[in-house]
Each structure stands twice: as structure tokens, then as C-alpha cells.
Engineer: 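Can you keep this structure in mind? I'll have questions shortly.
When reading the values below, keep in mind they use all heavy atoms of this one structure, side chains included, and skip hydrogens, waters and symmetry mates. Note that this is a predicted model, so its numbers are computed, not measured.
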Amino acid sequence: MTGRPTARPVPVCDVPQPDHTGRVRPYPCGHRCSAHAPWALAGQPEPQPGPGLPEGAWTTPSPLNDSRVHDARAVASGKRRSNPAAYRAAQAAVEKNGHRA
């Protein structure tokens with residue numbers, strides 16, 4: 001039968017010792033159970049999951065994009081390129097605020 005397998009095989013601990021505990025996770029040294037994980041072999045407690053990414057981390061605008069916002073006065077003065085409609089709107093906004101381009 002050719003085709004894709006329907007499920008992934010369950011990973012097993014790469015250490016050839018009989019006493020395996022906990023779930024098996026991938027580490028740079030291979031798949032290890034909780035008893036043979038690098039943190040367990042170093043005598044450290046199991047690391048707890050952190051807080052993760054903040055809410056809306058990928059929807060928050062980058063501060064780098066703030067520097068690219070075109071100022072209405074720069075558009076109205078002709079220092080920034082824009083289409084004719086945006087140019088006229090920027091000129092009207094600048095004149096409305098009492099500034100001349």
C-alpha cells in the first residue's frame with residue numbers, strides 16, 4: 001500500500017535502559033523520557049512552562065513601522081511622494097491646522 005501514514009509513530013526514549021518515566025520529548029541529543037532528559041541527568045527539577053508570548057504579539061505593530069508613517073506636512077510640502085488625492089488631503093489637513101506647507 002502506498003500513501004501517507006495516518007498517524008505518527010509514538011517516539012520512544014533513545015536511552016537503552018529499562019527504567020523510563022514520564023512522556024518522551026525531543027531534545028538536541030535525541031528523544032528522551034523524563035528520567036533520561038538532560039535536566040534530570042544534571043540533577044535539576046523539570047522546567048516549568050513559561051508565560052509564552054503576550055496576548056496579540058503578532059498583531060501589535062512594530063515600533064520600526066512608526067518611523068515609516070508619513071507626516072501630513074511632509075506630504076503637503078511635496079517632500080514625500082503620494083498620489084494626487086493624498087497630496088490634496090494632506091494640504092487641506094495642514095491648512096486646517098493653521099500650518100503652511
Side-chain angles (χ1 to χ4, degrees):
M1 176 177 174
T2 61
R4 294 174 41 166
T6 57
R8 289 184 177 173
V10 177
V12 294
C13 184
D14 291 340
V15 177
Q17 294 178 357
D19 50 338
H20 300 287
T21 59
R23 73 177 223 198
V24 177
R25 297 183 188 138
Y27 290 97
C29 55
H31 285 85
R32 303 294 166 98
C33 67
S34 295
H36 301 115
W39 52 264
L41 296 176
Q44 300 292 322
E46 182 174 4
Q48 298 301 310
L53 292 173
E55 184 74 25
W58 300 112
T59 59
T60 306
S62 169
L64 295 175
N65 288 338
D66 291 341
S67 65
R68 296 185 183 127
V69 174
H70 296 304
D71 180 49
R73 291 196 307 196
V75 172
S77 69
K79 292 180 183 177
R80 300 271 187 210
R81 291 185 180 184
S82 63
N83 60 29
Y87 176 70
R88 285 190 295 275
Q91 283 185 328
V94 169
E95 289 174 7
K96 180 178 138 188
N97 290 334
H99 300 285
R100 290 191 50 97

Engineer: Using every non-hydrogen atom in the two residues, find where D19 and A35 come nearest and quote the distance to one decimal.
Structural biologist: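 Heavy atoms of D19 and A35 come nearest at O-CB, 3.9 Å.
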
Engineer: Specify the closest pair of heavy atoms between C29 and P38, including all atoms of both residues, with the distance to one decimal.
Structural biologist: SG-CG, 4.0 Å

Engineer: List for me each residue that meets side chain to side chain donor-acceptor pair (under 3.5 Å) alongside R88, sequence neighbours excluded, and say none if there are none.
Structural biologist: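 For R88 there are no side chain to side chain donor-acceptor pair (under 3.5 Å) partners, ignoring immediate neighbours.
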
Engineer: Any heavy-atom pair between the side chains of V12 and H31 that's under 4.5 Å?
Structural biologist: no

Engineer: If you compare all heavy atoms of C13 against all heavy atoms of C33, which two are closest, and at what distance to 0.1 Å?
Structural biologist: SG-N, 3.4 Å

Engineer: Please enumerate all residues that pass side chain to side chain donor-acceptor pair (under 3.5 Å) together with Q17, with sequence neighbours excluded.
Structural biologist: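 Residues passing side chain to side chain donor-acceptor pair (under 3.5 Å) with Q17: H36.
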
Engineer: What is the distance from atom NE2 of H20 to atom OG of S34, rounded to the nearest 0.5 Å?
Structural biologist: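 One gets 12.0 Å once the value is rounded to the nearest 0.5 Å.
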
Engineer: Tell me, please, which residues at least two apart from Q48 pass side chain to side chain donor-acceptor pair (under 3.5 Å).
Structural biologist: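 Checked Q48 against side chain to side chain donor-acceptor pair (under 3.5 Å); zero matches.
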
